[in-house]
Amino acid sequence: MTQSLFDRIGKAVLIGLACLSILLLVGPSLIVIAISFEPRGYIAFPPSGFSMHWYGEVFQNRQLMDAFLTSLRVAGLVMLVCLALGIPAAFAAIRGRFGGKSALNAFLLSPQMMPGMVIGIATLFFGAYFAWRQSDLMLVVSLSVFCLPFVVRIVMARLAALDPGLDEASANLGAGRAQTFFRITLPQLAPSAIAAAAFTFIEAFDNVTVALFTSDVRARPLPVELYYLVQFESTPMIAAISALQIGFSLIVLVILARTIGLDRIGR
Amino acid sequence: MSDVTLDALPPRRFSWRRRILEGGGLWPAVPALVYLAVFLVAPIVTLLGFGFVTLDRGQVADGSFTLEHMTGVLTDPLVWRLTWRSFWVAVVATTLTLFLAYPVAYAFSHLQGIWRTLLLVAIISPLLTSALVRAYAWIVILGGRRGLLNQTLLSTGIIDQPLQILNTSMAVLIGMTQIHLPFMILPLLAVLAERDRRFEEASLNLGAGQVATFFKVVVPMSLPGIVAGFALVFAVSYTNFIIPQLLGGGNYSTLAVQVYEQTIVVLDWSRGAALATLLLGSCFLMILLITAVGAHLTRWSEVPK
């Protein structure tokens, strides 16, 4: 097909912008990974050599490792709370036969409308009423409110796509309702539950906007610790922590790709 | 005899079990509803309420309803200056993300196989990486004389004085645009991937050029995605306090940064609550405005009544 000059320029601009945008998406992360291997004490790109020195520093840093364990514990609990509340709620939102279902959906997804900071401050103020102070428990509560919509959305999407014919077939073949539920419906939900668990875990693990307000001031989680580090220092050690976090997120990415497929994440 | 047949119906004691397994009721959502009512609604009400009472060591003093904090915030010229800065930073960053995100989403809809998957990984992996990591990357790149950008530009002789980008509005804009890019790409991806290509073919067959087809057919059809992405990215940019703090430097403040500082650093919770109310209220107003403009622009897509 012949193209006018105008069309060719248009296409070039489009491709140029797309390339710039892809470079912006991946470039900074790649630079951070590269400088984490810097052997010297300051940042250079490309790094002056290859060394795992700063990774060693991270693992020997008592404060960082404590923060890492706190984050691991908190994110695990948030994940469990969100799954326990979110999966049944998604059931009611899809299979329910009652009035006001759209209101229910809107309410279940409403934490998404709130900036993390607002959820954090609101929980902090609410706790002050009962002399309940910043703690791991408060962090788990505030983060589970923040993360609940992720579970509800992912499981709802899967439930809506299930073939009701399978449940009918199961019933026609003589299975009771309980048997149909546990052997037909639930196994089909497993991939979305795993995806929801992985997504919630990484969001809770990485969160700083809620955690700055509700986390225990003496036992900070990793993102809060990192937030203060980034504000005052820029040693390659932060690059090493960042590279580890990027690695962590890639594991979650693989889990998501294997369970619900990457295409579905933005929907 | 009719009474006998009625008695022969399935025993009623099983009906609750059946109803539960059918999942037709509201009950499975009850735990989540109660949880949200206690840990989301009640706290938000507390937050909004704290802007209108006097606090004494975290406790509400009796009968102390006051508009003092609210008027204090609304009459403070500094607050208005910071609100204005939050607003324009968010608008510019959101517009930039739109211009960068659209070509990617459009390219994605034309890719196949491994390239499609790789592009999807490039779009989604930043979403799973902490915003702190990406803000740190920008500190490293834009930072003073030792920053990677200045190192490169100085050593190649393009400039002979280091550029001052970190700790300016420019750095905040760059950081926000890059960090929120995936939020704009995803809604666009959804509408562009599912669009009906026959309209474009028709437009090309009827003699329109590719650029004209792009702007007169593709872009208008994707308006719902543009509006959704614009509203989302505006909201997250307007309320972000991490990026201005890390990339704008110690003295750079926005409305969201003020909310953080009043509650965590200054510990003036009443003023913090009043500022948070202003932040939330103005943000929702803007979202309403964006959706209203969006509905106006896409009104042709509705079925006439």
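In what follows, chains carry the letters A, B, and so on, assigned in the order in which the sequence lines appear, proteins first and then strands, with residues in each chain numbered from 1.
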Residues from residues 272-283 of chain B approaching chain A under 4.5 Å (heavy atoms): B/Ala273, B/Leu279, B/Leu280
B/Phe214, part contacting chain A, at a heavy-atom distance under 4.5 Å: side chain
Using non-hydrogen atoms and a 4.5 Å limit, figure out which bit of A/Leu17 sits close to chain B: side chain, backbone, both or neither. both
Chain A contact via B/Ile287 - which portion, at a heavy-atom distance below 4.5 Å: neither
Answer with side chain, backbone, both or neither: which region of B/Val104 has an atom nearer than 4.5 Å to a non-hydrogen atom of chain A? both
Value rounded to 0.5 Å, distance of OG1 in A/Thr209 from OH in B/Tyr260: 12.0 Å
What's the shortest heavy-atom distance between B/Ser130 and A/Gln245, and which atoms? CB-OE1, 3.4 Å
Which bit of B/Thr263 comes within less than 4.5 Å of chain A, counting heavy atoms only: side chain, backbone, both or neither? side chain
Heavy-atom proximity to chain A below 4.5 Å, by part of B/Phe99: backbone
A/Phe107 versus B/Val41: any side-chain heavy-atom pair under 4.5 Å? yes
Quick one, B/Val133 and A/Ser29 - any side-chain contact, counting heavy atoms below 4.5 Å? no
Is it the side chain or the backbone of B/Val30 that comes within 4.5 Å of chain A heavy atoms, both, or neither? neither
At a heavy-atom separation under 4.5 Å, does A/Gln112 approach chain B through its side chain, its backbone, both, or neither? neither
Tell me, for B/Ala105 versus chain A, whether the close heavy atoms (under 4.5 Å) come from the side chain, the backbone, both or neither. neither
Pairs of heavy atoms under 4.5 Å with chain B: top-ranked of A/Gly10, A/Gly116, A/Pro111: A/Pro111
Proximity of A/Phe213 and B/Phe241 rings by center, below 6.0 Å: yes
Which portion of B/Ile141 sits near chain A, non-hydrogen atoms under 4.5 angstrom: side chain
Quick one: what part of A/Ile35 sits under 4.5 Å from any heavy atom of chain B, side chain, backbone, both or neither? side chain
Donor-acceptor contact present, side-chain A/Asp7 to main-chain B/Gln210, <3.5 Å: yes
Where does B/Tyr35 contact chain A at under 4.5 Å (heavy atoms): side chain, backbone, both or neither? side chain
Is it the backbone or the side chain of B/Ala122 that comes under 4.5 Å from a heavy atom of chain A, or both, or neither? both
In sequence, state the C-alpha distance, the side-chain angles, and the governing distance for B/Leu33 and A/Leu104, and then conclude on side chain to side chain contact (heavy atoms under 4.5 Å, CB included). CA-CA 9 Å; B/Leu33 292 179; A/Leu104 172 74; 3.5 Å; yes
Heavy-atom cut-off 4.5 Å, strictly under: side chain, backbone, both or neither for B/Ile174 against chain A? neither
Heavy-atom cut-off 4.5 Å, strictly under: side chain, backbone, both or neither for B/Phe284 against chain A? side chain
Counting only non-hydrogen atoms closer than 4.5 Å, does B/Pro31 touch chain A with its backbone (N, CA, C, O), its side chain (CB onward), both, or neither? both
